[in-house]
Structures are given as structure tokens and as C-alpha cells.
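Remarks on the structure that follows.
Quick note on labels: first sequence line is chain A, next is B, and so on, each numbered from 1.
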Amino acid sequence: MVIAIGFEGSANKLGVGIVRDGEILANCRRTYITPPGEGFLPRETAEHHQQNIHGVLEEALEQSGILPQDIDVVCYTKGPGMGAPLMVCAIVARTCAKLWNKPILGVNHCIGHIEMGRLITKANNPTVLYVSGGNTQIIAYSRQRYRIFGETIDIAVGNCLDRFARVLKLSNAPSPGYNIEQAAKRGKKYLHLPYCVKGMDVSFSGILSYMEDKIDDLLKEYTPEDLCYSLQETVFAMLVEITERAMAHCGSDEVLIVGGVGCNERLQEMMGVMCAERGSKIFATDERFCIDNGVMIAHAGALAFESGARMDFKDTTITQRYRTDDVLVTWRND
Amino acid sequence: MAEDYKILKQGAEAKLYICNYLGKPALIKERFKKNYRHSDLDTSITKERIKNEARSIVRCKTAGVKTPCLYLVDFERRRIYMQHFVESITIKDFVINIVSKEQINCDGDIILDVVAKMIGEAVRKMHDNNIIHGDLTSSNMLLVPKISSAGVADNSKWLDVANLELVMIDFGLSFIDTSTEDKGVDLYVLERALISTHNDYPDLFNKILEAYKKFNKNNVKEILSKFEEVRARGRKRTMVG
């Protein structure tokens, strides 16, 4: 039995989670929210994490009823992410590991999302669509690695949505993507936007700059709701298309959606229609697990720890760039 | 024409039927309606892709790249009718099922070299003629015998590489563009597809790129530096959240 604690702070979410053999004992989170029209910057985000991490840690320990001495391994996000916020969590994780005299393990953030999704949905060997503010990847498992079949060649889909929310000055609470989703529900008129699929890769920067450049003219003819609706319809159609392409390519009949954008219900709905037409199954989670959290880091770390992975204290660094396929998956043998 | 088609395969975006077109074995590629996307978007994407496919097939002919012959385009029914290669194998199946079996007696590497050269040259010919395929994967390339070996039942016909021709298919995402950026992206898409599908042959892409470079000195430097740039964008992108 492995009890693991996980620290996550690669972007504007700060999370601490505790798991015992896949059972979630605590999942606590704070989000750094910026004013409308502004994004989060590394320094301010790191300050937010510094101010909140002790509170979140205490809350998680209390909620789980676990004592530090019961913990088997301390896990933290090694990357990818913003340097300064990552560093805050790494330092606290290292301090805890030393204080409690426990082994420590750095975890790849993307792997955390995938393993969390598999744990919650019980999907066995799905094609994974990982969509968030910083990532857009189509991933499938093969020979001890999560291999990237398709990804964005410029900005992430969440980044595209967030930045468009800034153009419209939508609120960043609880998240810009959520507010776009709500506005899109009231949109009616569809605007044709650039549609950019390259094989199993996609590109979003063209759509964003098209809308940024023309926003004043567009608002004369379309409501902000129409634009949110058109943007969502277009970018999600691209994502569903490349997912289907990857499924056909790999002969897979399961899809798992993870990452912050993954809790968008319109994306889940579109993916569901595609899956139904192919006779495939869709797996998705809600905001508790889609959005960055500490549990996913604890769970992925626990899996690696159980399969024998260890990390020297001197290697417990962070890295802003850490590819999903860099990780050797020691805990799967299929 | 009787509508007694046999469905060959349902791909990601089209159903393939086998039929007989004026006495020739033909393939119908029907881009069926995708209900997940907005119907206006679906209509415009489908129409555009049918157009692109037809246009690039014709253009490949003049570039000396072998593709299926185009027989008929039917926008109304969202279909393209084209030549069907009854005897054919995708590069993907060829690498997985033929090359790997021959690896034991060392012939695998040699035949793979020959095929990689064919791929590199074909891609180069397309790019020299500003045809961007848009979806270069090992599933979108076929090997077809020059002289029919229909009598040969086992896989040995695929070992006679001198008798094989490369046929490019699936031009739905293709377009015509002179920019080096698009050619770089095209190469990048191919590299990524090969790495993820054929991770047991890490050299395959380099061999293809070698042939791509050697085929023609024209402009190659610009395309390759653009390719490196696109690659760097992908590999080193910071990924937050």
C-alpha cells in the first residue's frame, strides 16, 4: 500500500493531493485569478503560490486524516510549466521530504493528467486528448512510452481561448475558458474562421490573430456570444477531427479527454457524437480532476514509486520543458 | 451504374467503397457528413477537401508522382471516384509486417533503404511542384507492383523491391503553396508520424530526408532550415498548465 502526497503548481493552479492506492483522500486547490483582460505572469503566480501553499498543505493533511509519518513518498511536478511557480512547489516538497525523512519523486505534469484520467474513468488503453492552457496533444501508449501522435504546432487550444477571452474582456473567474463556454451557449450566428489541420497536428495562432485583428468589425455584425460560439465550434471540430484521425491510425476504440479544456461540455459532447458514430467509447472527467490538481501528481508518482522508480535528492530539480514521451513508463507492461 | 458497392474500409473522414467504373476497378471515397461539427463548417470543409484532393492528384501527374487516376468528382454525393489498386500494401503494413520479418536475415534494412529513397524522392518532387500533401503518414503511401504478381500468394512479392512503385494517396489536406514554411511543416508532420508509428525504426525518417536532399539541390537549404525551425517550435515549446 502506497500513500503519496502530490504538489502541483506548474501554472496558475496550486494543488495538494493525497492518495492511498488510487483512493483519493484529499484534493485541495487554490487558483490565482487575474483581472479581466490580463493573463497570469510567472512572478505574480509564484508569489500567489508562496502565500497559499502552507494553507493548502495543512488543509490537505487535515482532510485526509493522514499523518506525515504515514506517507510513503512525496511527489511534485518537475515540469513542464512556468519556472517560478514550479520552483515554489519543488522547494516545499523537498523541505517536506527532508523534514519527514521520506523519498521524493518528480513527476511529469502531462503523465499526471493521463494517469489521473485513467484512474477516474477506468479507461484501459485509450487514445488521449490532452487539452489545456499550455498543451494540446494526442497521445497513445506504445512500448513503455506515451507517444505523441499529434499536437499543436504553435499555441495551445486553452491559450487561444484564454487570449480571446482577454480580447472580449471576459472575467478570469473561475476561468476564462468557463466564461467562453457559458457565453457560447447563447451564441447563434456562426462565423467562418480559419480551420487549420495539418495531418494529426493543428494550429491555432492563425484563428486567434484573425479574430484579434478584426474584432472591431466583427462586433458590428456578431455579438460576443456569437464569436465565442463560432470559436468553440471551430477549434473543437479541429480537435475532434485529429483525435478521430489518430484513433483510425492506431486502431483504438477509446478516447480519454484530460486537461483543463477537457471539462468543457461542448467539447465532450462533440467528441461523444464522433465516438458514437465510430462505435467507440468516450471517457472524460469533471473539473475536479480535469483542471490541474495535486492528486494527479500524487497518483502518477505513486505508480512510478511502486514500480521501483526512485530519484536522487540532487535530481529533484524542475524543468520548464519536459516532453510527455521523455518519460519511461515503468508501471505498465502492455 | 448499379449501386452495389462493397464497403472496403471506413476511415476517419471517409467511407471507401469498391466499384467498377467503366470496366475498371475503382474506389469511391465518400466524405460522409460529420454530425459533431456545425453543418456549415462541415459543408465547407468537405467541399474544400474534395477540391484539394482532385486538384493535387492532377498536379501530381505532371510532377511525375504516381497517384490513383481520378475518374469522377461528385460534389452532390460528396464523392470522388478513382483508380483502385487491387494489389497494394501501405508503407505502414509493409514496415510492420514485411520489413520486420526480413530483419532476421538482414534483407530488411536493404529493402527499407530502397523504399525510403522512393518516399524521399516522391515528397521532393511534390514539393518542387509546390504540392503540399498536408498529411504525410505511412498509411498514406502505397506500394504497388509494376508488373502484376497476382499469382504469387505469399508475401514474397513485396520483397522484389525493383518491381515496386510508390503511390501517394489521400490528398484531402493538400494544397498548393510555394512557401518553405509549408514544406517544412509537411516534413515535420511526416517525421512525427514515423516516430510515433514506427518507433522501432528510428532511422527511417533520416533515410527519407537524405533522399529528399539528394534528389535536387535547388532550394533545399531554405526548406531544411525552415524544417529545423518548425521542429524547434514543437520540441522546445514551453508547456504550461
Point to revise | Close side-chain approach of A/Ser142 and B/Asn199, heavy atoms under 4.5 Å | key: yes

Review point. Can you check whether B/Gln10 reaches A/Arg278 side chain to side chain, under 4.5 Å on heavy atoms?
Key: no

Closest approach of [X] and [Y], non-hydrogen atoms and distance?
| X | Y | value |
| --- | --- | --- |
| B/Tyr36 | A/Arg266 | O-NH2, 3.6 Å |
| A/His192 | B/Ser44 | CE1-OG, 3.4 Å |
| B/Glu13 | A/Arg245 | OE2-NH2, 3.3 Å |

Review point. Side chain, backbone, both or neither: which part of B/Ile45 has an atom under 4.5 Å from a heavy atom of chain A?
Key: side chain

Check your understanding: Would you call A/Lys198-B/Asp135 a salt bridge at under 4.0 Å N-O?
Key -> no

Practice item. With rounding to the nearest 0.5 Å, note down the distance linking OH in A/Tyr190 to CG in B/Leu41. Key: 3.5 Å

Can you tell which part of [X] gets under 4.5 Å to a heavy atom of chain B, answering side chain, backbone, both or neither?
| X | result |
| --- | --- |
| A/Leu193 | neither |
| A/Glu241 | both |
| A/Ala237 | both |

Review point. Are A/His249 and B/Thr137 linked by a side-chain donor-acceptor pair shorter than 3.5 Å?
Key: no

**Study point:** Selection from B/Asn35, B/Asp182, B/Val189 maximising heavy-atom pairs under 4.5 Å formed with chain A
**Key:** B/Asn35

